Amino acid sequence: MKKRLACSIALAASLCATAEYPVAAQAIAAEAQSAAPSDNAVSALRPSGEMTLIGSEQLYDRPSDDAGTGLYLSPQTIAPLGFSADTGFFLVSTWVGDKWIRPREGVLDNVEPVETELVPDAPVYLFDAPLIGLNSGKTLSGPLHVIGKWRSWYHIRTHTGDKWINPAYALPERLRPPEEPITLDTKATLYKYPFGLSGEVGVIDPQTILPVERGDEWHHLQGDFGDGWVYIHQDDKDRQPNGSEHVSISQSKAIELARQRLGFTEEYALEGVHLLRTDVSSKRWSVIFYKKQDGTVVGSGDITLSAGDGTVDWFTKRDTVIVPGLSELANDPAALKQRMERLIADHSPASDAEWMLDQTPANPLQNRWNRLDGSSASFRYIRTVNGLPFPDNYFQVTVHPNRDEISYDLLWSDNKRFNGIEQEQRMTQEEAELAFADAFLAKTIYRTPPVSRDQMSPVHAIVPRLYDTLDAMDGHWIDSSGTMEVRGPVTWKPLAEMPGENLNLSLEQAVEAARAKLGLPADVAVENAREGSRSWLFQVKVPPQAEDRAASYFVEVSTVSGDIVQCTTDNSGSFSWITVPSISEAQAEMSAEETLRHLLPSYTHQLYRVRSELRLTDGITVSNPEYLFTYQRRIDGIWGDRQQVTVSISPVTGKWMRLDNQLMPAAYPQSRPSLISKEEVRKLMLGRYRVEAYYASDSVLLTNPSASIRYRLVPTTESAYKSVLDAHTGEWLDFYTLEPEQSH
């Protein structure tokens with residue numbers, strides 16, 4: 001995948017990279033090599049990973065637009081020596097020494113090296129780069145040798161060189177000769193290739209015409225109007241699943257196997273069947289059934305199974321069972337429980353499966369199970385494996401004594417592999433409890449009540465990590481909120497003083513604050529102004545003569561602090577079909593940080609980047625292309641709860657498009673508060689939670705068969721769902737009000 005830097009030189013005319021340099025070219029190369037990068041610029045570099053250049057990029061002697069050498073680096077994958085956040089240039093090692101580049105023609109970050117074979121369902125179009133509309137018009141069928149992957153694109157090796165493909169850009173999977181003419185009742189768009197976004201040839205008038213060839217919905221037409229493809233929608237009931245002719249298990253066989261596994265008779269009607277691709281090489285059938293009674297759905301089933309060998313991954317099942325005499329058991333909990341367990345035994349997907357009643361106190365905010373409201377009672381039973389709970393498989397049972405009914409929802413996995421680790425091989429219960437106590441202390445936050453964020457000093461709080469889990473073998477954490485990639489701060493010192501009191505800004509003052517921070521001219525026009533609860537909202541229009549500016553800004557300014565709370569520009573309107581960014585993530589992040597310096601100068605020393613995302617048109621769904629950078633506030637090493645800023649950067653221009661600011665000027669302590677001890681945290685924690693070993697799926701995909709043993713935190717009281725612990729005093733507080741909990 002990675003190539004050596006090519007000796008590609010572009011002067012008045014392009015010179016071959018492998019040819020001997022003419023005298024003039026040698027003189028220019030020698031002069032360029034003598035201009036070494038400055039020590040100051042090199043010392044300030046950030047680390048940089050591999051990147052793939054889409055087009056040729058000029059080499060520079062210095063990280064400055066006026067230092068071009070006239071030499072160009074050809075499209076290739078490179079590993080820069082570093083990135084200058086001050087200038088947006090990368091330092092690279094070339095055949096003429098260390099030089100600088102500033103990508104402008106398109107760049108791919110984080111290309112994943114992959115060595116595998118891909119067998120597409122139909123011949124795919126070849127691209128020199130992952131750019132919609134720039135395919136060669138040539139197609140290739142599998143097996144294809146994949147050497148890399150970027151988003152939904154695959155880098156493949158062919159006899160004519162390395163190319164890119166996207167499975168979405170292919171000939172129709174059921175391409176065949178025409179059976180009969182087609183009639184176009186209205187004008188139709190003629191596309192260059194049989195997929196959307198491929199470029200329009202034109203619009204053709206209503207007519208009846210015999211296609212050259214056709215798929216299920218794409219028809220290849222030729223005539224005086226040109227050569228291209230039209231799309232004619234086909235009802236789902238008439239469409240064959242894409243790729244169904246390339247699987248071992250046919251659609252009819254999949255339906256038969258699904259009925260057998262679910263135990264469904266013909267009274268369950270087929271609602272839908274779909275062929276899914278779950279990874280590069282495997283496909284699965286998804287089959288859905290339902291049963292109606294008096295026009296109401298009273299039962300259903302949803303199952304996935306392998307299209308290769310018919311093995312079942314998982315299924316859900318919903319049904320209602322009539323139990324005569326059930327009303328007589330309504331006041332006998334023991335008899336009612338016995339009757340439910342008999343139903344579970346009768347309907348268990350495996351005769352040897354074991355089940356346990358989940359007696360975890362109900363979350364008062366959800367109240368999902370173990371409830372009794374007089375007319376019905378709801379309970380959850382969890383599957384156990386090797387003596388440990390596996391919550392991903394369960395029976396949700398609801399008893400209706402007045403109707404003599406028991407209804408249930410079942411989720412079951414056929415494909416799970418359970419790691420039977422001996423108890424002495426995993427962390428002990430005490431080790432797990434201490435690890436949770438450590439995590440409580442390490443993840444303390446500053447929290448304020450949502451209803452009075454600008455009226456109450458933040459509390460240094462411990463929030464129980466109810467949804468974080470701990471691997472029982474190696475002790476690593478699985479964070480429920482996703483892994484944060486912490487980088488920062490944006491600046492090491494504040495660029496402005498923090499607002500100290502409620503400024504109570506007027507509209508005129510809010511407009512002036514926005515104008516100054518946005519760097520707008522004095523004669524901007526303000527429209528559509530309105531007052532919110534703690535902010536002014538208005539639109540600012542910039543005079544046409546102002547250069548290099550958005551035409552308008554939609555702004556919200558806090559009346560308390562004078563900070564910009566929300567701001568959106570009109571920079572994003574013209575770039576809705578971008579598939580490859582023109583600038584790198586590092587360049588976009590530089591722009592985001594510059595935006596924060598101008599718009600939120602009081603906070604930059606406390607803002608750490610925790611997440612980045614690139615949103616592009618993926619070839620099927622249209623999205624607003626943007627880089628998104630999320631920054632979280634950190635005060636003296638402690639994170640601020642809900643104290644985040646998100647900046648949107650155009651992947652085309654590198655300019656900011658949107659700011660979402662949730663920062664709050666509050667009276668934070670001047671020094672880091674002292675913490676209670678780990679032993680005390682553990683003691684307090686175990687008063688309302690227990691640490692439990694259980695089996696968990698290793699992926700959100702139900703088709704992933706792997707399951708591992710983890711430890712989790714389980715509430716033992718209802719109050720545990722809405723508690724935080726004062727990290728300084730050890731007092732339990734209400735999560736929403738931060739007032740001391742009442743004794744019960």
Side-chain angles (χ1 to χ4, degrees), residues 256-271 287-303 312 314-385 387-414 694 714-718:
E256 177 188 347
L257 293 173
R259 283 193 184 276
Q260 291 176 359
R261 186 66 186 99
L262 291 168
F264 281 173
T265 59
E266 293 301 323
E267 63 180 344
Y268 280 84
L270 179 67
E271 179 176 341
V287 189
I288 304 172
F289 300 94
Y290 71 94
K291 179 176 70 173
K292 281 189 175 181
Q293 183 175 317
D294 298 329
T296 302
V297 175
V298 296
S300 62
D302 182 354
I303 186 169
V312 173
W314 64 279
F315 62 82
T316 63
K317 186 177 179 181
R318 177 176 171 237
D319 203 359
T320 299
V321 179
I322 302 298
V323 182
L326 185 63
S327 57
E328 301 173 5
L329 306 178
N331 298 318
D332 188 345
L336 197 61
K337 181 173 181 290
Q338 186 178 26
R339 187 63 188 85
M340 284 190 299
E341 291 176 349
R342 190 191 315 163
L343 177 140
I344 290 173
D346 291 342
H347 294 82
S348 178
S351 58
D352 59 347
E354 298 181 352
W355 303 88
M356 62 174 283
L357 178 64
D358 184 1
Q359 302 190 65
T360 304
N363 187 333
L365 303 177
Q366 299 175 341
N367 198 23
R368 289 182 302 174
W369 62 80
N370 292 2
R371 75 178 189 275
L372 184 62
D373 60 13
S375 61
S376 65
S378 186
F379 304 86
R380 178 177 291 240
Y381 283 81
I382 296 174
R383 180 185 178 187
T384 61
V385 181
L388 299 178
F390 178 53
D392 287 357
N393 285 179
Y394 60 82
F395 269 100
Q396 182 76 33
V397 182
T398 303
V399 182
H400 304 277
N402 295 343
R403 303 203 303 260
D404 285 346
E405 286 182 358
I406 297 180
S407 59
Y408 68 87
D409 288 278
L410 166 67
L411 173 57
W412 178 265
S413 304
D414 264 0
Y694 78 111
V714 181
T716 56
T717 66
E718 284 194 10

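Just so it is clear, the structure is predicted and the values come from calculations on it, not from any experiment. In this chain, residues are counted from 1 in sequence order.
- Y408 pairs in a side-chain contact (heavy atoms from CB on, under 4.5 Å) with only one of the listed residues (T320, T398, V321), which is V321.
- Of all heavy-atom pairs between P715 and T360, the closest is O-CG2, 3.7 Å.
- Atom CG of L343 and atom OG of S348 lie 10.5 Å apart (nearest 0.5 Å).
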task: Determine, step by step, whether K291 and V297 satisfy the side chain to side chain contact (heavy atoms under 4.5 Å, CB included) criterion, reporting the C-alpha distance in whole Å, the side-chain angles of both residues, the deciding distance to 0.1 Å, and the verdict.
output: CA-CA 6 Å; K291 179 176 70 173; V297 175; over 6 Å; no

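- Interatomic distance, CG of D358 versus CZ of F379, reported as 12.0 Å (0.5 Å rounding).
- Here the closest heavy-atom approach between residue L410 and residue P349 is recorded as CD2-CG, 3.5 Å.
- With 3.5 Å as the limit, one finds a donor-acceptor pair spanning the side chains of N393 and S413.
- Rounding to the nearest 0.5 angstrom, the gap separating the CG atom in L411 from the CD atom in Q396 is 11.5 Å.
- When all heavy atoms are compared, the tightest approach of K337 to L357 is CE-CD2, 4.3 Å.
- The 12-atom threshold is not exceeded at CD of Q338, counting heavy atoms of other residues, nucleotides or ligands nearer than 6.0 Å.
- Under the 30°/60° scheme for interplanar angles, the aromatic rings of F289 and F264 are found to stand perpendicular.
- When all heavy atoms of I382 and P389 are compared, the closest pair comes out as CG2-CB, 4.2 Å.
- A ring pair (Phe, Tyr, Trp, His ring centres under 6.0 Å) with F395 holds for exactly one of W355, Y381, W412; it is W355.
- The heavy-atom pair separating Y268 from R318 by the smallest distance is OH-O, 4.1 Å.
- Under a 3.5 Å cut-off, the side chain of D319 and the backbone N or O of G299 do not form any donor-acceptor pair.
- The line from NZ of K317 to CG of D409 is 12.0 Å long, rounded to the nearest 0.5 Å.
- Of all the heavy atoms in V298 and K292, the pair that sits closest is CG2-C, 4.3 Å.
- Atom CZ of R339 and atom CD1 of I344 lie 11.0 Å apart (nearest 0.5 Å).
- Counting heavy atoms from C-beta on, the side chains of V287 and L270 come closer than 4.5 Å.
- Remark: I288 CD1 to D302 CG distance equals 4.5 Å, nearest 0.5 Å.
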